[in-house]
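Data block below; observations after.
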Amino acid sequence: MAFIIGLTGGIASGKSTVSKLLEKRGFAIVDADVAARKVVEPGEKANKDIVEAFGSSILLTDGTLDRAKLGSIVFQNDDERKKLNAIVHPAVRKKMNDWQEEAIKAGKRTIILDIPLLYESGLTHLVEKTIVVYVNECTQLKRLIERNNFTEEEAKSRIASQIPLKEKMEKADAVIDNNGSVEETETQLEQLIEKWKMKP
């Protein structure tokens, strides 16, 4: 049986960095964000369902979703957001499950489920252990403003929409402190791979 690990963090905490480091070491990564983009591509069932629910005005000329337009609809309206999630979430879970099965068939012994909202979405039952990538609030805010060109206000509201990292740390089986350099993060990861006897 494969060892299934959930990797999560907060916005701009450096989860993608840790994910890339694991991938570099040959671990199978099943990424929820990649799955979420994949299932809404033209021709996919979720894409058709979204058009049915929200109308064809949320499509661009090439048939892909106009994310900005759809985002402006769902961010301001809880019911609309729930409607979208009810279409997208099951499709994402199925896609991730398919990828996980493929990785197991390919002989992978450890599979990393990279799920940004692992705790928020109540998906911890899918994994045996969880890793949280942590940074302090100042660093998180600074990185998010720099990365996304957000105002401080925008960045704070994005951070506030997630469970605080401190709370996630308490729930985690392991924490990678990403406040320092990439080398320091890598060292912690190496130690964890050793400790949990993770094999690609």
Side-chain angles (χ1 to χ4, degrees), residues 1-54 58 63-65 67 70-71 74-75 81-134 158 161-163 165 167-169 171-176 178 189 192-193 196-200:
M1 265 309 280
F3 181 19
I4 313 294
I5 296 170
L7 175 67
T8 194
I11 192 165
S13 67
K15 179 183 58 59
S16 303
T17 303
V18 174
S19 187
K20 284 192 187 89
L21 291 171
L22 284 160
E23 195 172 20
K24 199 172 81 178
R25 284 162 176 72
F27 290 98
I29 310 289
V30 175
D31 188 321
D33 283 346
V34 174
R37 284 195 292 275
K38 199 88 186 140
V39 299
V40 297
E41 283 176 359
E44 293 278 347
K45 184 181 181 304
N47 180 294
K48 294 187 187 101
D49 292 346
I50 291 168
V51 173
E52 249 169 59
F54 295 93
I58 52 112
T64 58
L65 294 179
R67 290 178 177 277
L70 189 56
V74 300
F75 269 120
R81 190 166 75 238
K82 282 179 184 145
K83 191 159 65 172
L84 179 65
N85 288 345
I87 297 167
V88 176
H89 288 176
V92 170
R93 279 204 280 277
K94 186 185 179 312
K95 179 65 77 184
M96 290 180 73
N97 201 40
D98 292 347
W99 287 344
Q100 185 175 315
E101 289 304 313
E102 280 167 26
I104 292 169
K105 279 200 187 102
K108 290 292 183 183
R109 290 170 291 179
T110 304
I111 295 163
I112 313 293
L113 299 190
D114 180 337
I115 307 177
L117 301 176
L118 181 71
Y119 294 112
E120 288 86 344
S121 305
L123 296 176
T124 48
H125 64 279
L126 298 177
V127 302
E128 293 163 61
K129 287 199 183 285
T130 58
I131 302 171
V132 164
V133 181
Y134 172 77
R158 289 298 165 97
S161 73
Q162 298 181 348
I163 294 173
L165 273 171
E167 215 175 296
K168 289 184 182 182
M169 280 170 72
K171 297 172 191 271
D173 295 299
V175 175
I176 303 272
N178 195 33
L189 191 58
L192 184 61
I193 290 169
W196 284 359
K197 301 190 171 26
M198 291 159 64
K199 302 264 192 304

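Between Arg37 and Asp33, none of the side-chain N atoms (NZ, or NE/NH1/NH2) sits under 4.0 Å from a carboxylate O, so this pair counts as no salt bridge. Comment: Glu120 engages Lys168 in a salt bridge, judged by a side-chain N to carboxylate O separation of less than 4.0 angstrom.
Here the OH-CD distance, from Tyr119 to Gln162, works out to 13.0 Å after rounding to the nearest 0.5 Å. Atom CG of residue Asp98 and atom NZ of residue Lys38 lie 12.5 Å apart, to the nearest 0.5 angstrom. Note that the CG atom of Leu123 and the OG1 atom of Thr8 stand 9.5 Å from one another [nearest 0.5 Å]. Here the straight-line distance linking atom CG of Leu7 with atom CD1 of Ile29 works out to 7.0 Å at 0.5 Å rounding.
Ala46 and Ile87 get closest at one heavy-atom pair: O-CG2, 3.8 Å. In this structure, Gly9 and Leu165 approach most closely via the heavy-atom pair C-CD2, 3.6 Å. The shortest non-hydrogen separation linking Met198 to Leu22 is CE-CD2, 4.0 Å. Summarising the geometry of Ala91 relative to Val39, their closest heavy-atom pair is O-CG1, 3.6 Å, with the distance given to 0.1 Å. Considering all non-hydrogen atoms of both residues, Gly63 and Asn47 come closest at O-ND2, 3.5 Å. Among all heavy-atom pairs drawn from Trp99 and Asp31, the shortest one is CZ3-O, 3.9 Å.
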For the pair Lys171 and Val132, evaluate side-chain contact (heavy atoms from CB on, under 4.5 Å) and give the outcome as yes or no after the intermediate values.
-> CA-CA 9 Å; Lys171 297 172 191 271; Val132 164; over 6 Å; no
Could you go step by step and tell me if Ile176 and Leu189 meet the side-chain contact (heavy atoms from CB on, under 4.5 Å) rule?
-> CA-CA 7 Å; Ile176 303 272; Leu189 191 58; 4.0 Å; yes
Trace of the side-chain contact (heavy atoms from CB on, under 4.5 Å) decision for Val74 with Phe54 | CA-CA 10 Å; Val74 300; Phe54 295 93; 4.3 Å; yes
Mind running side-chain contact (heavy atoms from CB on, under 4.5 Å) on Val18 and Val133 for me, showing each step along the way?
-> CA-CA 8 Å; Val18 174; Val133 181; 3.7 Å; yes
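Lys83 NZ: more than 12 foreign heavy atoms inside a 6.0 Å radius.
In this structure, the side chain of Asn178 engages the main chain of Ser13 through a donor-acceptor pair within 3.5 Å. At least one donor-acceptor pair closer than 3.5 Å links the side chain of Lys48 to the backbone N or O of Gly43. Put simply, the side chain of Glu128 never gets that close to the backbone of Ile5: no donor and acceptor are under 3.5 Å apart. Judged purely by atom type and a 3.5 angstrom limit, Thr110 has no side-chain atom pairing as donor or acceptor with the backbone of Pro200. Counting only distance, with no hydrogens or angles, the side chain of Gln100 and the backbone of Val30 share no donor-acceptor pair below 3.5 Å. Put simply, the side chain of Ser19 never gets that close to the backbone of Lys15: no donor and acceptor are under 3.5 Å apart.
A cation-pi contact, defined as under 6.0 Å to the ring centre and within 45° of the axis, links Arg158 to Phe75.
Residues satisfying the side chain to side chain donor-acceptor pair (under 3.5 Å) test with Thr124, not counting sequence neighbours, are none. Residues satisfying the side-chain contact (heavy atoms from CB on, under 4.5 Å) criterion with Lys129, sequence neighbours excluded, are Phe3, Asp173, Trp196. With sequence neighbours left out, the side chain to side chain donor-acceptor pair (under 3.5 Å) criterion links Lys105 to no other residue.
Within the 4.5 Å cutoff, the side chain of Leu126 has no heavy atoms near those of the Ile4 side chain. Taking the side chain as every heavy atom from C-beta outward, Asn97 and Arg93 never approach each other to under 4.5 Å. Looking only at side-chain heavy atoms (C-beta outward), Ile115 and Ser121 stay at 4.5 Å or farther from each other.
Considering Ile50, Val40, Ile58 as possible partners of Leu84, the one that fulfils the side-chain contact (heavy atoms from CB on, under 4.5 Å) test is Ile50.
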